[in-house]
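What follows is a single structure, written as structure tokens, with notes after it.
All values below were derived from every heavy atom in this structure, side-chain atoms included, with hydrogens, water molecules and symmetry-related copies excluded.
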Amino acid sequence: LNSTPDPRRLAGSIQNHRGNRKEMRSTRIVRLRKRHDVPISGNQAFYYNLTTGGPTKKAGNISRAFRIRGDLDIPALRRSIDLFIARHEAMRTVLKENRDGTITQTVLPEARVVIQRSDLSDLPARRRLVEAKARFREDGRKPISMRRAPVIRVRVTRLAEADNFLSIFFAHGQFDAVSLAIFYLELTAFYRAFTAGEIPDWPAPRHQLIDYLALQKRRFTDESQQETEAYCRRTLEKAPADTWCPSDAPVANDDNGKDR
């Protein structure tokens with residue numbers, strides 16, 4: 001994209017690459033034999049430093065909340081999330097600082113979620129949802145440690161009989177907004193199966209995050225890094241010296257807990 005930003009040239013470049021079998025083999029995701037002490041990516045390093053930066057640390061979470069009216073089977077919910085964690089290594093990958101100053105990642109063989117419980121049913125009815133949202137925003141400001149697994153935090157807040165507020169938080173360094181679609185799909189299917197007394201029988205994911213990051217590291221050579229830096233310098237050479245970025249200001253949340 002950096003070398004061929006024009007759509008027509010980019011299409012031609014893609015067509016040429018399709019005929020290069022050697023290059024196609026170099027872009028395949030290959031499962032690493034080693035699942036421990038693997039170098040981390042730049043994105044992981046960014047969020048690790050963001051969430052462990054002492055007094056200035058920030059949450060760096062992806063936060064979602066749902067109001068669920070009707071019976072909520074907590075054991076089935078827990079089993080569904082645990083199955084998701086078991087299927088996706090990123091959810092049970094931990095980062096470690098080494099003596100030489102490097103940071104590496106290791107995939108744990110297993111990790112299980114702990115569902116936190118709250119009960120607001122004693123509050124006046126008009127205050128319950130307001131308080132649940134306030135606690136959701138407060139929980140969302142607390143970093144999820146990338147040193148421990150799983151990198152997910154879950155809370156169920158009871159508002160009334162058969163009325164619950166479900167809060168879910170992910171460490172952004174291991175999980176992104178695109179991953180939400182996979183999470184929603186699998187969580188819904190697994191929960192439906194467990195509440196029906198069935199065992200979900202899904203094929204294992206073809207690829208894992210740690211293998212994809214290894215591919216990116218192989219592709220991102222010194223030469224390609226220099227090309228990227230040159231492209232960025234050319235593009236930004238006329239940019240104003242002082243540029244405001246969203247991270248320069250405190251994050252504001254709307255009533256749904258989403259960052260504005």
Side-chain angles (χ1 to χ4, degrees), residues 29-52 57-66 73-98 102-117 139-140 142-156 166-191 193-194 199-217:
I29 299 177
V30 179
R31 181 173 176 83
L32 298 177
R33 294 182 179 180
K34 184 180 179 183
R35 317 302 281 181
H36 60 87
D37 297 327
V38 177
I40 63 173
S41 69
N43 186 64
Q44 287 174 310
F46 171 80
Y47 280 102
Y48 181 84
N49 293 325
L50 181 73
T51 58
T52 58
K57 66 183 179 183
K58 298 182 182 298
N61 298 336
I62 290 182
S63 308
R64 293 295 184 270
F66 311 89
D73 189 328
I74 301 296
L77 176 64
R78 183 183 297 108
R79 292 177 69 189
S80 301
I81 297 175
D82 280 342
L83 181 53
F84 179 82
I85 294 170
R87 287 171 49 80
H88 300 280
E89 292 181 354
M91 303 303 297
R92 46 190 169 87
T93 295
V94 295
L95 274 57
K96 177 184 69 174
E97 294 184 51
N98 303 301
T102 61
I103 303 174
T104 53
Q105 57 185 318
T106 294
V107 178
L108 300 184
E110 70 172 19
R112 296 184 181 278
V113 69
V114 175
I115 297 182
Q116 302 172 348
R117 305 286 298 275
D139 284 345
K142 299 175 183 176
I144 297 176
S145 176
M146 296 175 68
R147 297 170 179 167
R148 296 189 295 270
V151 288
I152 180 175
R153 188 166 60 229
V154 180
R155 178 183 295 277
V156 173
L166 173 63
S167 305
I168 304 177
F169 310 90
F170 302 92
H172 203 346
Q174 295 295 101
F175 191 95
D176 59 20
V178 177
S179 307
L180 281 170
I182 300 173
F183 176 73
Y184 293 152
L185 175 67
E186 295 192 7
L187 181 67
T188 302
F190 299 161
Y191 181 81
F194 284 132
I199 302 297
D201 184 19
W202 281 42
R206 292 182 58 188
H207 306 299
Q208 297 289 348
L209 176 62
I210 197 170
D211 303 313
Y212 173 74
L213 296 179
L215 167 65
Q216 292 294 84
K217 193 172 185 64

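Taking both residues in full, the closest heavy atoms of T104 and I40 are given as C-CG2, 3.8 Å, listed atom of the first, atom of the second, then distance. Residue G140 comes nearest to A59 through the heavy atom pair O-CB, 3.2 Å, listed as atom of the first residue, atom of the second, then distance. When all heavy atoms are compared, the tightest approach of F175 to I62 is O-CD1, 3.4 Å. Here the closest heavy-atom approach between residue L209 and residue A90 is recorded as CD2-CB, 3.7 Å. When every heavy atom of Q105 is checked against every heavy atom of P39, the shortest pair comes out as NE2-O, 3.1 Å.
The closest donor-acceptor contact from the side chain of S80 to the backbone of A76 lies under 3.5 Å. Without hydrogens or angle criteria, R87 side chain to P203 main chain gives a donor-acceptor distance under 3.5 Å.
Between L213 and Q44, the closest side-chain pair of non-hydrogen atoms falls below 4.5 Å. A heavy-atom distance below 4.5 Å is not found between the side chains of V151 and T93. In this structure the side chain of T52 reaches within 4.5 angstrom of the side chain of R147, judged on heavy atoms. Taking 4.5 Å as the limit, some side-chain heavy atom of L83 sits within range of a side-chain heavy atom of P200. For the pair Y184/R64, a side-chain contact is recorded, criterion being any heavy-atom separation below 4.5 Å from C-beta on. Counting heavy atoms from C-beta on, the side chains of V154 and I81 come closer than 4.5 Å. Side-chain contact check for L77 versus V156: some heavy-atom pair is nearer than 4.5 Å.
For N43, the side chain to side chain contact (heavy atoms under 4.5 Å, CB included) partners at least two apart in sequence or on another chain are S41, Y47. Remark: I182 pairs with F84, H88, E186 by the side chain to side chain contact (heavy atoms under 4.5 Å, CB included) rule, at least two apart or across chains. Remark: A149 engages R92, V94, L108, A111 in a side chain to side chain contact (heavy atoms under 4.5 Å, CB included) (not counting sequence neighbours). For R153, the side chain to side chain contact (heavy atoms under 4.5 Å, CB included) partners at least two apart in sequence or on another chain are N61, Q116, K142, I144, F169.
Atom-to-atom distance recorded for M91:CE and F183:CZ is 7.0 Å, nearest 0.5 angstrom. In this structure, the separation between CE on M146 and NE2 on H172 is 11.0 Å, given to the nearest 0.5 Å. Between the CG atom of L215 and the CG atom of L32 there is a distance of 10.0 Å, given to the nearest 0.5 Å. Annotation: the span from D82 atom CG to I152 atom CD1 amounts to 9.5 Å, rounded to 0.5 Å.
Annotation: salt bridge (charged side-chain N to carboxylate O under 4.0 Å, His left out) contacts involving residues 168-183, sequence neighbours excluded, are absent. The stretch residues 34-48 participates, sequence neighbours left out, in these salt bridge (charged side-chain N to carboxylate O under 4.0 Å, His left out) pairs: R35-E89, R35-D211, D37-K96.
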For R117 and I74: C-alpha separation, side-chain torsions, deciding distance, then whether side-chain contact (heavy atoms from CB on, under 4.5 Å) applies. CA-CA 10 Å; R117 305 286 298 275; I74 301 296; 3.9 Å; yes
